[in-house]
Amino acid sequence: MAKMRYTLSSYDPVYAIAPEVKIPESEVQAQAIRWLKLKYCKDGEEPKLNDVWIKNHVKELKSVDELMIFIRYNMYKDNREVQELADQNVICAELAKRLNEELPKDLVEECVYAARLRLDEMLRRNVMTPATFCKERGITEEQLYADVDQRAIQGLLEDSALAAYADYRGYTLEAEDFYAVIPGNSIEEKAYKRRQIEADGRLAGMEEYALKTKALKEVMENAMIKRVDDPSIEYVRYGDVSKDVLNANKQFPDSFVSM
């Protein structure tokens, strides 16, 4: 059967509402206490989250509010992969809505079957049955498999949308594109793995994956997002706002001790 080719209704930047992944305030406060105790407390001294204590002990800060801003930024920076994955899910879901073609029934069935096999294998590795797994989470087995099926189909839709985007852009692959998707600690190790993949006859699959990864990077960078669904707030380019957020602690003096 000929390989399915997909197209999108639009290749313009995706517009999406991508909420910030919130860190519980209790965790922020606990981290602030740990940081103050490590950096500014003498033996046996306990830090206090009030403006007077901060002013007397932390010369770079003047208030609890400033401390919390610093702690939140650093916690978000450390947690950036969680936020990036959440943003990716939202943006790719919007892109998938532009898919013109229906997914072939046999492809969907194959995808769902593979997803259920992966679930069963995960349960076996953890010495669990679907029943015990569901009991721990307060759901039924029907809900479990319905969720697995839905996630598999959504992933297939997004994967197909990225393939359509890559095809439309007419990407060509450079060595760096393969290195981006091959795990390894050095270029030499990645190059060796690439030769192994080619020798095993799996290079075509790797090329397809590398093209979709290249498409994902472009789609993400050019996506227009905002964190809250508020008409008064303008959309901003994700490639710009993500860099600003990840480097948020640059607002503080260079001498400020990072966590």
Side-chain angles (χ1 to χ4, degrees), residues 1-8 11 13-14 79-96 98-126 147-223 238-239 242-243 246:
M1 185 177 70
K3 185 176 181 294
M4 183 76 177
R5 291 177 67 91
Y6 298 98
T7 60
L8 302 177
Y11 298 89
V14 170
N79 203 41
R80 62 189 180 274
E81 289 187 6
V82 174
Q83 181 69 60
E84 288 172 349
L85 286 173
D87 294 338
Q88 178 179 309
N89 288 340
V90 173
I91 292 169
C92 286
E94 289 296 322
L95 183 71
R98 301 179 178 183
L99 198 64
N100 288 322
E101 293 76 16
E102 293 287 338
L103 295 175
K105 184 178 179 181
D106 58 343
L107 183 62
V108 172
E109 292 176 348
E110 180 182 338
C111 180
V112 167
Y113 179 73
R116 291 193 176 203
L117 279 182
R118 289 192 297 271
L119 172 64
D120 292 340
E121 178 59 27
M122 182 274 290
L123 293 175
R124 280 195 295 271
R125 287 198 306 270
N126 289 277
D147 181 64
V148 169
D149 295 353
Q150 189 276 328
R151 289 174 182 271
I153 295 170
Q154 181 61 31
L156 186 57
L157 286 167
E158 294 173 9
D159 196 55
S160 301
L162 289 172
Y165 192 92
D167 188 51
Y168 176 79
R169 292 300 189 206
Y171 290 142
T172 57
L173 294 174
E174 306 295 336
E176 291 76 11
D177 298 315
F178 286 101
Y179 298 152
V181 299
I182 297 175
N185 297 318
S186 67
I187 295 298
E188 291 75 17
E189 183 180 354
K190 290 172 180 280
Y192 173 73
K193 289 182 178 179
R194 183 187 185 283
R195 291 193 295 271
Q196 283 186 312
I197 291 169
E198 187 171 9
D200 292 342
R202 297 183 287 119
L203 188 59
M206 178 60 70
E207 288 176 344
E208 186 176 343
Y209 181 53
L211 286 170
K212 292 173 184 175
T213 301
K214 198 168 184 176
L216 174 61
K217 181 179 179 181
E218 183 175 336
V219 168
M220 290 291 292
E221 286 183 349
N222 293 319
Y238 186 77
S242 61
K243 292 183 177 67
L246 295 183

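The structure presented is a predicted model; accordingly, all values stated were derived computationally and were not measured.
- Nearest approach of Leu103 to Ser160, heavy atoms of both residues: CD2-OG, 3.6 Å.
- Other residues, nucleotides and ligands contribute at most 12 non-hydrogen atoms within 6.0 Å of the CD atom of Glu110.
- In this structure, the separation between CG on Leu157 and SG on Cys92 is 11.5 Å, given to the nearest 0.5 Å.
- Residue Glu102 places its CD atom among 12 or fewer non-hydrogen atoms of other residues, nucleotides or ligands, all under 6.0 Å distant.
- When all heavy atoms of Glu84 and Met220 are compared, the pair lying nearest together is O-CE, 4.3 Å.
- For the residue pair Arg98 and Pro13, the shortest heavy atom distance occurs at NH2-O, 3.1 Å.
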Verify side-chain contact (heavy atoms from CB on, under 4.5 Å) between Val148 and Arg118, making sure each step is shown before the conclusion. CA-CA 10 Å; Val148 169; Arg118 289 192 297 271; over 6 Å; no
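- For the pair Asp87 and Gln83, the minimum side-chain heavy-atom distance is below 4.5 Å.
- Taking the six-membered ring where tryptophan is involved, the planes of Tyr11 and Tyr165 are tilted, since the angle between them lies from 30° to 60°.
- The shortest non-hydrogen separation linking Ala152 to Cys111 is O-SG, 3.4 Å.
- Using a cut-off of 4.0 Å between Lys/Arg side-chain N and Asp/Glu carboxylate O, Glu218 and Lys214 are scored as not salt-bridged.
- Note that CZ of Arg124 is 11.5 Å distant from CG of Asn126, once rounded to the nearest 0.5 Å.
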After noting the C-alpha distance and the side-chain angles of Asp177 and Glu207, does the key distance pass the side-chain contact (heavy atoms from CB on, under 4.5 Å) rule? CA-CA 9 Å; Asp177 298 315; Glu207 288 176 344; over 6 Å; no
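- Ala161 and Ala96 make their closest contact through CB-CA, 3.8 Å (heavy atoms, listed as atom of the first residue, atom of the second, distance).
- No more than 12 heavy atoms of other residues, nucleotides or ligands lie within 6.0 Å of CG in Asn185, so this atom counts as exposed by the packing criterion.
- Results of the side-chain contact (heavy atoms from CB on, under 4.5 Å) test with Tyr179 over Glu189, Lys193, Lys190, Glu174 single out Lys190 as the only residue that passes.
- When the ring pair (Phe, Tyr, Trp, His ring centres under 6.0 Å) test is applied to Tyr113, no partner is found at least two apart in sequence or on another chain.
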Are Leu99 and Glu158 close enough, and set up right, to give a side-chain contact (heavy atoms from CB on, under 4.5 Å), and what steps lead you there? CA-CA 9 Å; Leu99 198 64; Glu158 294 173 9; over 6 Å; no
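- Between Arg195 and Glu198 there is no salt bridge, since no side-chain N of the basic residue sits under 4.0 Å from a carboxylate O of the acidic one.
- Under a 4.0 Å N-O distance rule, the pair Arg151/Asp147 qualifies as a salt bridge.
- Ile182 contributes atom CD1, which lies 12.5 Å from atom OH of Tyr192 (distance to the nearest 0.5 angstrom).
- Distance CG/Leu211 to CD/Glu208: 8.0 Å, rounded to 0.5 Å.
- A heavy-atom distance below 4.5 Å is not found between the side chains of Glu109 and Val112.
- Interatomic distance, CG of Asp167 versus CG of Leu162, reported as 12.5 Å (0.5 Å rounding).
- Expressed to the nearest 0.5 Å, how far CD of Glu176 lies from CD1 of Ile187 amounts to 7.5 Å.
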Between Phe178 and Leu173, does a side-chain contact (heavy atoms from CB on, under 4.5 Å) hold up when you go through it step by step? CA-CA 8 Å; Phe178 286 101; Leu173 294 174; 3.8 Å; yes
